[in-house]
Amino acid sequence: MRQLQGMDASFVAMETRNSPMHIGSILVYNPETAPGGFVRFKDILSFIESRMQLSKTIRQRLVRVPFDLDYPYWVEDPDFDLEYHVRHLALPKPGDWRQLCIQAARIFARPLDLTRPPWEFTVIEGLENVEGVPPGSYALVTKVHHAAIDGMSGVDLLEATHTLDPNAPPPNAPDDWQPEKIPNAAELLGKSYFNALTNPMKQLEVAAKAAPGLANAVKGLAKRDFEVSTNLVAPRSRFNRKISPHRVIQGMSVPLADIKAIRALSPGCKVNDVFLAIVGGALNKYLTAKDDLPKATLTAMAPISVREKDEKGDMGNQVAAMVAPLGTHIADHRERLEFVHAQTVNSKAMTDAMGARNMTEISKVSPALFMSLGARLYTELGLAERVKQPFSTVVTNVPGPPVPIYSTGARLESQMGLVCLTDGMGLGHVVQSYVDEATISFTACRDLLPDPDFYIECIRESFEALRDLAAAEAAKGAARSGSKNSAGAKPVKRTAKKAETGTAKAASKRAPAKTGTTRKAPAKKTSAAKPRAKKTTKTKTK
């Protein structure tokens, strides 16, 4: 039996019917690499069952202390039933991308049963008309409570349910898992009493550790290593209101090489800056169309992992938050990227000065009762409508495997992240990489963003504008390099010509970026979270 940390417990305290606090993904698999070229539902069950010992999350359930006087505990569930957690359905015909997103949104909107291990996998067949998906492919919609995982420990869960070889045998290590007795109310109250006595000492210890970070922050501000500007304060927007229980989900995939190429538009720019600028451009277009664009820039909460190497397999959350201005007030795409890069450098300097790890440690000693009462009052009093929010949205970057991975022998073709929402935060984005693709997806309250197809179109246009600018810049650079070589000397007009030709080919290769959306515009036809494999008629799913 292990007690939750403060941040993990906050996700349990914040759970409401309208705000289920789980995160997840839509994974698309091609069974052509599986034995016989197809995967049965019972094969998926057997595969997961054979690898459960690789994950701490799978068989642990939450036990809450009466009256929420202390943080909940993780207990090995004595009534664990794998078939409850892994489910199976098929899309009605025609089985297209829009139907998959609608079905995933419905699944994702339902809260998890917190009297069982807090996760569910739903296998979805019938994807025959999802563009870019090979015949016979199936999807897996995952839901895992945020109290159990953050983005990085979620990658560990992904590793536990996947292999690097489609024919990999089950793990050799024996499964020595043992269920635990569920503690009764008296035992839990006794533990909470002891923790209440020792918590003040823990608070003093954390305060002592945090003091140098606060001193560094003051010193850095005095030396102007960073600045506290109005760009770090979010204006109110249509997404910062009380949310409904209904969700919309959409996403698109793009070549990862294009994202990396865009960095050249602003020296020193990171991949995460590019994603933030793309989201900022999309929000600029979307809110302008709604005549609802604030004059000040919207901001994103950008989670930062502070997980140590020896904590890789641990459950729970080891993250801090960084304020990332999105440049939504800037219409020019290059200027927006430069603005975002400058602001993230400033925010990172501020976070480094304070110590990102200290932020997570402080949350571990917050009194559980006050945390629970605060979360309830925030919801019941409708404070999201009255109190200004520190962030406009969430943009979390989760790096995925750089090589293909397999589940039940089927190759993972594409993945798209899903994120939880709360009152005051009705829109969240997840950006992920996998092999040579990057996906940009969002989860939103259906009442606050009723037109997900239009918003994904805004994201696509924002990406394409930056991609085309980067391609044009690269072509200009190649032309200048070619003219210098030809004007100069001996070597070679021939070498310059080759370099120029290679750049032109690269630019033309980038031009038809493969992106995903449900809209069917002839001139801008795109595909949803596009798998990389070509279509084949030799695969099927039963």
*Asks:* Name all residues meeting the salt bridge (Lys or Arg N to Asp or Glu O under 4.0 Å) criterion together with R334; count only those two or more places apart in sequence or in a different chain, and write none if there are none.
*Replies:* E473
*Asks:* Under the side-chain contact (heavy atoms from CB on, under 4.5 Å) test against L27, which residue among I405, V141, T142 passes?
*Replies:* T142
*Asks:* So do V75 and P183 actually touch side chain to side chain, heavy atoms under 4.5 Å?
*Replies:* yes
*Asks:* What's the spacing between Y138 OH and I124 CD1 if we round to 0.5 Å?
*Replies:* 12.5 Å
*Asks:* Check D273 with K270, please: is the shortest side-chain N to carboxylate O separation under 4.0 Å?
*Replies:* no
*Asks:* If the condition is ring pair (Phe, Tyr, Trp, His ring centres under 6.0 Å), which residues does F80 pass it with, not counting sequence neighbours?
*Replies:* H85
*Asks:* Excluding sequence neighbours, so at least two apart, what forms salt bridge (Lys or Arg N to Asp or Glu O under 4.0 Å) with D113?
*Replies:* R116
*Asks:* Using the six-membered ring wherever Trp is involved, compare the ring planes of Y455 and Y286 and label them parallel, tilted or perpendicular (cut-offs 30° and 60°).
*Replies:* perpendicular
*Asks:* A quick test of your reading: do over 12 heavy atoms of other residues, nucleotides or ligands sit less than 6.0 Å from CG of L164?
*Replies:* no
*Asks:* Could you check whether E413 pairs with R411 (Lys NZ or Arg NE/NH1/NH2 to Asp/Glu carboxylate O, under 4.0 Å)?
*Replies:* yes
*Asks:* Name all residues meeting the salt bridge (Lys or Arg N to Asp or Glu O under 4.0 Å) criterion together with D79; count only those two or more places apart in sequence or in a different chain, and write none if there are none.
*Replies:* none
*Asks:* Can you confirm whether W177 sits close enough to Q53 that some side-chain heavy atom of one is under 4.5 Å from a side-chain heavy atom of the other?
*Replies:* no
*Asks:* Could you tell me if the ring centre of Y29 sits under 6.0 Å from that of H162?
*Replies:* yes
*Asks:* Could you tell me which residues satisfy side chain to side chain contact (heavy atoms under 4.5 Å, CB included) with A168, sequence neighbours excluded, listed by chain and number?
*Replies:* T163, D165
*Asks:* List the residues meeting salt bridge (Lys or Arg N to Asp or Glu O under 4.0 Å) with R87, not counting sequence neighbours, and say none if there are none.
*Replies:* E120
*Asks:* Taking the side chain as every heavy atom from C-beta outward, state whether E180 and P78 have any pair of such atoms under 4.5 Å apart.
*Replies:* no
*Asks:* Are the ring centres of H429 and F275 closer than 6.0 Å?
*Replies:* no
